[in-house]
Structures are given as structure tokens and as C-alpha cells.
J.: 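Handing you this structure, nothing more for now.
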Number of protein chains: 2
Amino acid sequence: MRSLKQIRSFVAVFEEGSFTAAAQREGATQSGISQHIRHLEESLGAELLVRDGRGVIPTAHGERYYGECVAILRRLDLAEAEISRASALGGEVRIGLMPTFTRAVLAPTLDRFIAVAPTVDMRVTEAYSGVLTDLVRKGELDFAVVPGFQGAVGLSTTLLIRDREMLVASKNRLGQHLTPICLKEMDPLKIVVPGPQNTRRRTIETYCASHGVAIERRLQLDAMMGTLDFVASSEWVAILPGVMMVNDLDGARFDIRPLDQPALYSDFVLIEPTRRVLSPAAALFASLLRETTEQTITVRQARMRDA
Amino acid sequence: MRSLKQIRSFVAVFEEGSFTAAAQREGATQSGISQHIRHLEESLGAELLVRDGRGVIPTAHGERYYGECVAILRRLDLAEAEISRASALGGEVRIGLMPTFTRAVLAPTLDRFIAVAPTVDMRVTEAYSGVLTDLVRKGELDFAVVPGFQGAVGLSTTLLIRDREMLVASKNRLGQHLTPICLKEMDPLKIVVPGPQNTRRRTIETYCASHGVAIERRLQLDAMMGTLDFVASSEWVAILPGVMMVNDLDGARFDIRPLDQPALYSDFVLIEPTRRVLSPAAALFASLLRETTEQTITVRQARMRDA
DNA sequence: GACCCTCTATCAGAAAAATTAATATCGGAA
DNA sequence: TTCCGATATTAATTTTTCTGATAGAGGGTC
């Protein structure tokens with residue numbers, strides 16, 4: 001009577017907030033999902049979801065049942081992972097990274113990963129956090145690394161790294177490379193910022209507003225690589241996570257100075273679907289990514305002490 | 001791909017140790033069970049059970065997977081119980097009791113239960129522990145109360161009550177009713193015992209052998225009521241759990257004296273299928289049964305102090 | 001309020017999966 | 001070897017699931 005398909009359908013509808021979206025995610029039709037939910041509700045003898053013409057809202061029963069269902073799916077996934085993938089580093093790993101990570105730490109991580117797990121079919125998607133979050137929830141990525149945030153339905157979150165934010169400008173424009181800098185004491189900034197849909201935008205604006213940083217002009221640029229290129233060849237500056245800039249610590253192209261008074265830190269978290277368990281290969285990649293990132297930060301701190 | 005039917009089939013085969021028995025329990029055919037297991041093994045890419053011509057033996061993978069599966073089924077059952085049965089005292093309750101319990105504590109328990117849960121369809125099966133255990137494992141009983149023992153696959157065990165064993169004889173044959181008695185100091189016993197398939201047989205033999213109790217003659221009688229009747233009208237004695245004898249504390253029919261030096265205690269446990277969760281009604285009955293039994297024991301202890 | 005847009009429910013036919021009964025096969029015991 | 005009790009296999013059948021089309025319900029907009 002009860003089936004796992006019904007449960008998976010319910011979890012998908014709950015997380016996506018919509019039958020239609022759930023159908024897409026599960027590779028099914030809206031009609032099929034609708035019937036699964038109906039049968040589930042009938043056999044439980046209780047409503048789980050209220051259809052409100054504009055999507056669905058779970059009932060109290062639905063909320064509780066969802067929690068159990070996710071836990072059950074996860075446990076099943078874990079049990080099966082133990083048997084079939086049993087420590088074999090194979091299969092495919094699909095991860096999502098923001099440009100922050102693809103710029104500098106991806107390459108060395110990949111080097112190490114491929115050396116250890118040569119047979120894994122590796123796929124990296126570069127996108128901004130909103131897109132990555134959706135892809136992870138849909139199950140199209142094993143995990144993604146995104147800015148720390150306040151949770152999302154169906155995702156589990158683990159802190160991967162905490163990194164310092166840097167003021168970046170072209171060479172010889174900021175003075176003492178790699179030494180702390182207090183923005184409040186500078187001339188008004190001509191600053192490049194990402195669009196409002198980007199989590200970083202709010203972080204930066206909040207920092208500037210609450211610490212009296214003067215801004216002369218603001219330029220909205222939603223391309224990370226473009227931002228760096230533009231900054232390198234102009235008098236504009238940008239605020240970027242330090243982890244992006246590890247290959248430019250020599251000062252050949254950029255002046256890089258950590259924000260100070262107060263320092264600004266950004267969290268990056270690993271998100272994965274709660275209903276699933278990371279494969280050994282994916283878990284390995286995640287730990288290598290963390291290690292590599294931590295090493296680059298350590299290297300930078302050493303350089304900063306020297307400077 | 002994976003389905004709950006497959007998982008339930010696997011759990012049944014594991015617990016019954018046989019495809020054929022599992023098929024019966026699940027109300028399916030042996031062929032269907034066989035296919036479910038095959039699909040499960042194929043999709044996991046691992047053997048779970050070794051067919052050895054004389055039943056099945058789980059592999060190491062099978063053992064681990066079984067544990068997870070039971071936990072998952074139980075959790076699902078719990079989740080659904082919370083929703084559909086939500087504290088409604090209804091449906092049916094099927095329990096199994098040994099004659100030990102049906103003789104004296106069943107009636108008052110039923111009285112109390114029916115007063116509180118008048119709409120429940122109540123079914124009591126009287127049998128010895130082996131039969132009850134099988135019925136519980138097959139899911140045909142919600143729970144049963146049997147002598148404490150060393151676990152069985154697929155069953156969870158909870159101690160219900162610990163009771164003192166009594167020497168029972170017809171009136172005026174044992175001397176001081178309700179006072180402790182040391183068997184070693186008695187003349188050789190003419191004792192009625194149950195057959196070797198009964199758990200009590202071993203308990204009694206062990207006690208007698210290890211505490212120097214002399215036995216003149218032994219009579220094997222596998223009927224509890226018959227035993228009592230025979231004892232009441234002869235010079236034979238029996239060793240019985242105190243809880244059976246609460247209605248005979250007045251000494252009108254029997255002399256009853258607790259074994260002493262050392263006292264002999266018997267545990268009675270509640271067994272239920274691990275994969276399921278007791279319905280609220282069943283749980284209520286279990287707790288009433290325990291309460292009632294404890295009360296009878298308390299009453300007896302008061303009488304014993306007086307004696 | 002009429003209209004439109006988006007979402008879910010329902011239905012019947014098509015496809016897929018589970019189930020069965022019959023039978024083959026295997027392994028151990030006498 | 002032969003038999004017995006068990007599981008595996010197979011093909012036909014039954015049941016369930018899935019789909020595509022369509023109907024209906026609920027908000028937003030003009």
C-alpha cells in the first residue's frame with residue numbers, strides 16, 4: 001500500500017512547495033505526483049498539504065510527517081551507500097561552486113582529487129548561490145559551496161570555511177600590500193559591487209553603511225572575472241573574499257589589503273540534500289576542498305605577517 | 001526502483017529464515033518474495049542472503065542492512081501512527097498471554113480496559129510462549145507476554161513484571177500458608193512439571209538440581225488448569241508463578257508458600273515486532289496489565305506480612 | 001466583474017510492474 | 001542414487017503506475 005515513491009513525492013512537493021516543481025524534480029508528471037499524494041493522504045486518513053491555488057502549504061501533520069520522511073530516506077540512502085558504494089571511490093561526483101572558489105582553489109583541489117580517485121567522473125558547475133541552491137535541492141548536484149545563510153527546506157548545511165574579506169585594487173593604488181586597512185579613513189570609494197540578487201551585495205552594503213565607509217561611485221557588475229579584470233585596469237576597487245586572491249599575493253597585478261576595524265569575515269557552507277548521504281567520493285572531494293582552502297589561508301596569513 | 005515491498009520482504013525472510021515462511025507471513029507467494037529479494041540484491045549490487053538448500057543465512061551485508069531496514073520500517077510505522085491513529089483508542093488489539101496470566105490478572109485488566117476503551121475490538125489468544133512468540137513475529141499479535149528469555153530475531157523485549165515462584169499444594173498439606181518455605185528441608189517431592197518444550201521446565205529443574213531439592217516422583221502435565229485441578233485434589237505439588245494464584249490467597253483451596261533460600265523469581269517480558277509500533281490502545285492494555293499485575297503482587301505481599 | 005494565468009484534480013488509455021501458478025533446479029539426507 | 005524440502009525461473013495474468021488531455025479552482029489585473 002504505502003510506497004517509497006509516494007514518500008519521495010511527498011518530500012519533493014513539500015520542499016519545492018509545488019506539485020509541478022516536484023514533478024520536474026522527480027522526473028514525473030504533475031498528474032502522477034498528484035495521485036501519489038492523494039493515495040498517501042487517503043491511506044493515512046489525514047490531509048498533509050493544503051492546496052491554495054498558488055502552490056501548497058503543509059498542514060501540521062504534513063510538517064511532522066515530512067521530518068520523519070526525510071529522516072527515513074536519508075537513513076535508507078545511508079544503509080544502501082554502506083553496501084553498494086562501500087568505500088569504493090567510483091561513480092560520478094557533481095558539485096557546484098561559486099566563482100569565488102573556482103578562481104583559485106578549484107584547480108589544486110582537482111589535482112589532488114584526481115590523483116587519489118582517477119576513475120571518478122567529475123563534474124563542476126559554476127554559478128551563483130541561488131542557482132546552486134536550487135540545483136542541490138533538485139538533486140542535480142551532490143553538494144555545493146555557497147555563502148553562509150539561514151537554512152533552506154530540505155538542505156543540510158555544514159560550515160566549510162570562514163574567510164576574511166579583502167579590499168582589492170590595481171597595483172600600487174592602495175599602498176602597503178597585504179596590510180590591514182580601515183575603509184572609514186580612506187577617500188570615498190569608487191567600488192564595484194554585484195547585483196542585489198547576490199548575497200555579497202547585502203553584506204558589503206551593510207558593512208559600509210554601519211561603519212561609516214564613504215562611497216563616491218558604485219558600479220554594478222555581475223561577473224566575477226569581469227570585476228577583477230576591470231579593477232586591474234582602472235582606479236575602481238572591489239571587496240572580495242581572500243580565498244579568491246591567493247594567486248595574486250605577490251602583488252604583481254593587484255594591491256590586496258584585508259578590511260580592518262572591524263575585520264569582515266564571510267562564511268562559506270557546504271549544502272547537500274538532507275534526504276541523501278554524500279558518496280565517499282563526494283565526501284573526499286569536500287574534505288580536500290576544505291583542506292586546500294585552509295592551506296591557502298594559512299599561506300596568506302604567513303605572507304601578511306611578513307608584510 | 002527500491003520499494004518498501006522489497007524491504008518488507010527482506011525483513012520477513014531474514015526473520016523467518018526462509019522464503020516460504022516469509023511468503024506466508026506477508027500474504028504473498030514464494031515466487032514473489034524470491035523476485036523481490038533478487039531485485040533488491042541486484043539494485044544494491046550485493047548478496048544479502050546465502051541460499052543453502054535448507055533455508056537462508058544472511059551475509060554480513062545482509063545483517064547490517066537488516067538492522068537498518070527494521071529501524072526504517074519502525075520509524076515509518078511510528079510516523080504514521082502519530083498521524084492516523086493519533087491518540088484515538090480504536091481499532092483492534094490482539095494480544096497473546098500464557099495461562100499464567102489468563103488465570104487471574106486477565107479478567108480485572110479487561111474490566112478496566114473495556115471501561116476506558118469500549119469501542120476497541122479486543123482479541124486474546126492463550127497459548128504457551130513458543131506459539132505466542134511465533135504469532136508475534138508473524139505480526140498476528142500486537143504483543144504477547146512470555147517468560148524472560150534471550151531475545152529473538154525481529155522482536156523487541158521489555159520487562160513487564162518480575163514475580164516470585166510459589167510452591168502450591170492442596171489445602172493443609174504444606175503447613176503455614178503464605179510463609180516462605182525451603183524445599184531442601186522438605187521430604188522428597190511428588191511434583192507436577194510442564195513438558196520440556198516449556199521454558200518453566202528448565203527453570204524448575206535447574207532450581208531443584210542446584211539447591212539440593214529431593215524429588216520423589218515427577219509427573220509431566222502440559223495443562224496449567226489441569227495441573228491446578230490435580231494438585232487441588234491430590235498429594236502432588238507444583239511450582240507456579242505467584243501471579244497465577246492471587247485468587248487463592250485465602251487458603252480455601254490451596255496451600256501456597258513462596259520458595260525461599262533462595263527465593264526464585266521469574267521474569268515476564270512483553271514482546272512485540274521490532275518493525276512495528278504499538279497502537280495507543282495496545283500500549284494502554286499493556287500498561288493496565290502491568291499495573292494490575294503489580295497490584296496483585298502488592299496485595300500478596302501484604303498478606304504474606306500478615307501471615 | 002470579466003479575463004487571464006498558474007496551479008491542482010480527474011479521467012481513461014497505455015505502459016510498466018507485481019503477482020501468480022506451474023515447473024525447473026539445487027542441495028542435503030537417507 | 002533417490003527423495004525431500006527448499007529456492008529459481010518463466011510466461012501469462014492482474015494490478016498498479018504513468019501519461020496526456022482536460023476540467024476546475026484561486027489569485028491577480030485591468
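Throughout, protein chains are lettered first and strands after them, A, B, ... in sequence-line order, and every chain is numbered starting at 1. These numbers were taken from a predicted model, which means no experiment stands behind them.
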J.: Once each nucleotide of nucleotides 7-13 of chain D is scored for protein heavy atoms under 4.0 Å, what B/S/- sequence comes out, 5' to 3'?
T.: BBBB---
J.: Closer than 4.0 Å, any side-chain N/O of A/Lys5 to the OP1 or OP2 of D/dC18?
T.: yes
J.: What is the distance, to the nearest angstrom, from the CD1 atom on A/Ile57 to the P atom on D/dG26?
T.: 13 Å
J.: Which of these, A/Ile191, A/Val193, A/Ile204, sits in a side chain to side chain contact (heavy atoms under 4.5 Å, CB included) with A/Ile215?
T.: A/Ile191
J.: Under 4.0 Å between a side-chain N or O of B/Thr29 and OP1 or OP2 of C/dT19?
T.: no
J.: Take the protein atom CD of B/Gln6 and the nucleotide atom P of C/dT19, then report the distance between them rounded to whole Å.
T.: 10 Å
J.: Should B/Leu159 and B/Asp267 be marked as a side chain to side chain contact (heavy atoms under 4.5 Å, CB included) after you check the CA-CA gap, both sets of side-chain angles, and the distance that decides it?
T.: CA-CA 7 Å; B/Leu159 181 65; B/Asp267 289 338; 3.7 Å; yes
J.: Separation of A/Leu48 atom CG from C/dT8 atom C1', in whole Å?
T.: 16 Å
J.: Answer yes or no: does a side-chain N or O of B/His36 lie under 4.0 Å from OP1 or OP2 of C/dT19?
T.: yes
J.: How long is the line joining CD1 of B/Ile37 and C1' of C/dT19, in whole Å?
T.: 15 Å
J.: Figure out the CG/C1' separation between B/Leu49 and C/dC26, and round it to whole Å.
T.: 17 Å
J.: Rounding to an integer number of Å, can you tell me how far A/Leu4 CG sits from D/dT17 P?
T.: 12 Å
J.: May I ask you to decide whether A/Arg8 forms a salt bridge with A/Glu15, counting only side-chain N to carboxylate O separations under 4.0 Å?
T.: no
J.: Show your reasoning for whether side chain to side chain donor-acceptor pair (under 3.5 Å) applies to A/Thr59 and A/Glu63.
T.: CA-CA 6 Å; A/Thr59 63; A/Glu63 295 270 5; over 6 Å; no
J.: D/dC18 C1' sits how many Å from A/Ile33 CD1, rounded?
T.: 11 Å
J.: Under a 4.0 Å threshold between the charged nitrogen and the carboxylate oxygen, would A/Glu205 count as salt-bridged to A/Arg201?
T.: yes
J.: Without decimals, in angstroms, what is the distance between A/Met1 CE and C/dT19 P?
T.: 13 Å
J.: Any carboxylate oxygen within less than 4.0 angstrom of a Lys/Arg side-chain nitrogen, looking at A/Arg276 and A/Asp77?
T.: no
J.: With the threshold set at 4.0 Å, does a side-chain nitrogen-carboxylate oxygen contact exist between A/Glu42 and A/Arg38?
T.: yes
